[in-house]
There are 2 protein chains.
Amino acid sequence: MSKKQLIDYVQNFVSLNDDEAEQLATAFNEVKIKKRQFIVQPNFTNQHRSFVIKGAFRSYAITDNGQEHTLQFAIENWWVSDFNSYIYQYPATLFIVALEDSILLQIEYEKEQELKKSNHKFETFFRIMAEKGLAFEHRRILFDLTHDAETRYENFLLNYPNFVQRVPQYALASYLGMSTEFLSRLRNKKTRKKS
Amino acid sequence: MSKKQLIDYVQNFVSLNDDEAEQLATAFNEVKIKKRQFIVQPNFTNQHRSFVIKGAFRSYAITDNGQEHTLQFAIENWWVSDFNSYIYQYPATLFIVALEDSILLQIEYEKEQELKKSNHKFETFFRIMAEKGLAFEHRRILFDLTHDAETRYENFLLNYPNFVQRVPQYALASYLGMSTEFLSRLRNKKTRKKS
DNA sequence: CAATTAAAATGAAGTAGGTCAAGAAAGGAT
DNA sequence: ATCCTTTCTTGACCTACTTCATTTTAATTG
């Protein structure tokens, strides 16, 4: 059952007894999402925090001139949301779309607040998630500031080899802060070198 | 007294009774830092979380070719640390330096863990800090991905007008992801337009 | 307050990466 | 299978921004 997967994940950070595991499990709802389906859209408040059981997602913004810019990817055992929309409960600016047929476990904002209030352990868990997320983004910002396009791509390959096959190239390019044409050239340069 | 300033800050997010406020106050130590003094350096583990009572700080990395890249600024009522070093307690990669004569309140890593364990409210407080930090960095990444150098500078001016006078220009340029010369040109273009 | 050092400004030349346009390849739908 | 749409590739040209070198200005320190 998919809830087992979430509980196992949470147990990596805080140890839950049977009652607590049950409490956690019932707070989340399983939903199936078809490829190309949106779970968050601009102007609608992001109501849920979502844990990916199976599948892949992408969060991105669209600028006035129509360009897409990817903020995040998520596959199995990652969380996705428009975080600004979710924690402040105001309208989203991001799109979040399924890149494959997917399964999510979702918790509602109010339900999450109850959970955290009811038990110190859940508060600790979400604190750790936020801290790890923040540390991750610090590493990302610093890496992006200090490396050129080619190095950023190679670093992504190295750290997330399993993402690369599941994510469209134009989306990866926009995540790494370069044009899709430029990433195409980088790739071909590389494969040509190899052979 | 400077601890009052911290307690007031914390009260914005969780409400503390007198005992709790006292507990918080005694967990922190006040330290004076001279301009140009480092509070964090690469290879040394970042032992403290620091709250700025007075003054200004800058965290940055230096690349192999000697270039500096600024990750963060902090003035009164902001927190500073090499967050990756602090939360994982491994060696820092960043420098953190005082830009002015400053006063900090610092808590040691272990002391912070005790505080969080001892009282749900402190856990909640640090959870909120991390979430706000993460939401902030999401906004930053997205803005940087979607705007050119001039717009990034103008946005900084707009959002942090009080930082601009206190931060050297080369540091701001490296925070905004451009060369110091280019920022200089942007500025002069602007002031010339005004007059 | 003079001397020294660090930061900011400016010009000239170079480049990493972008944009535009058109074709090739790959996925989905029927 | 075939048609239609989306994604990827490639070439030619362009520009936002960098780098280097030098001068000017501002900030520190004795």
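Please read these numbers as outputs of a predicted model, since none were measured by experiment. Below, chains carry the letters A, B, ... as their sequence lines are ordered, and counting in each starts from 1.
Remark: B:His138 engages no residue in a ring pair (Phe, Tyr, Trp, His ring centres under 6.0 Å) (not counting sequence neighbours). Remark: A:Lys4 engages A:Asp8 in a salt bridge (Lys or Arg N to Asp or Glu O under 4.0 Å) (not counting sequence neighbours). Taking the salt bridge (Lys or Arg N to Asp or Glu O under 4.0 Å) definition, one finds that A:Arg58 meets it with A:Glu68, sequence neighbours left out. B:Glu114 pairs by the salt bridge (Lys or Arg N to Asp or Glu O under 4.0 Å) definition with B:Lys111, not counting sequence neighbours.
If you take CG of B:Asn188 and P of C:dA7, they are 18 Å apart, rounded to a whole angstrom. Summarising the geometry, the separation between CG on B:Leu186 and P on C:dA8 is reported as 14 Å, rounded to the nearest angstrom. As a whole-Å value, the separation of A:Leu176 CG from C:dG18 P is 11 Å. If you measure from atom NZ of A:Lys189 to atom C1' of C:dG17, you get 12 Å, rounded to the nearest angstrom.
Sorted by first then second residue, the salt bridge (charged side-chain N to carboxylate O under 4.0 Å, His left out) pairs that include residues 43-55 of chain B, not counting sequence neighbours, are A:Glu131-B:Arg49, B:Arg49-B:Glu112. Listed by first then second residue, pairs satisfying side-chain hydrogen bond (donor to acceptor under 3.5 Å, both in side chains) with a partner in residues 30-48 of chain A read A:Ser2-A:Glu30, not counting sequence neighbours. The salt bridge (charged side-chain N to carboxylate O under 4.0 Å, His left out) analysis of residues 80-94 of chain B, with sequence neighbours excluded, yields no pairs. Counting only residues at least two apart or in different chains, side-chain hydrogen bond (donor to acceptor under 3.5 Å, both in side chains) contacts with residues 169-181 of chain B comprise B:Thr70-B:Ser174. Contacts classified as salt bridge (charged side-chain N to carboxylate O under 4.0 Å, His left out) and involving residues 166-178 of chain B (residues at least two apart or in different chains) are given here: B:Glu76-B:Arg166, B:Glu100-B:Arg166.
Under the 4.0 Å criterion applied to side-chain N and carboxylate O atoms, A:Glu150 and A:Lys189 are assigned as salt-bridge partners.
Against DNA chain C, the stretch residues 159-170 of chain B makes heavy-atom approaches under 4.0 Å through B:Pro168, B:Gln169, B:Tyr170.
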Review item, nucleotides 26-30 of chain C N/O atoms under 3.5 Å of protein N/O:
unit_1: C:dG28; atom_1: OP1; unit_2: A:Lys35; atom_2: NZ; d: 2.4

At under 4.0 Å between heavy atoms, how does the protein contact nucleotides 16-26 of chain D? Give one character per nucleotide, 5' to 3', with B, S or -. -BBBB------
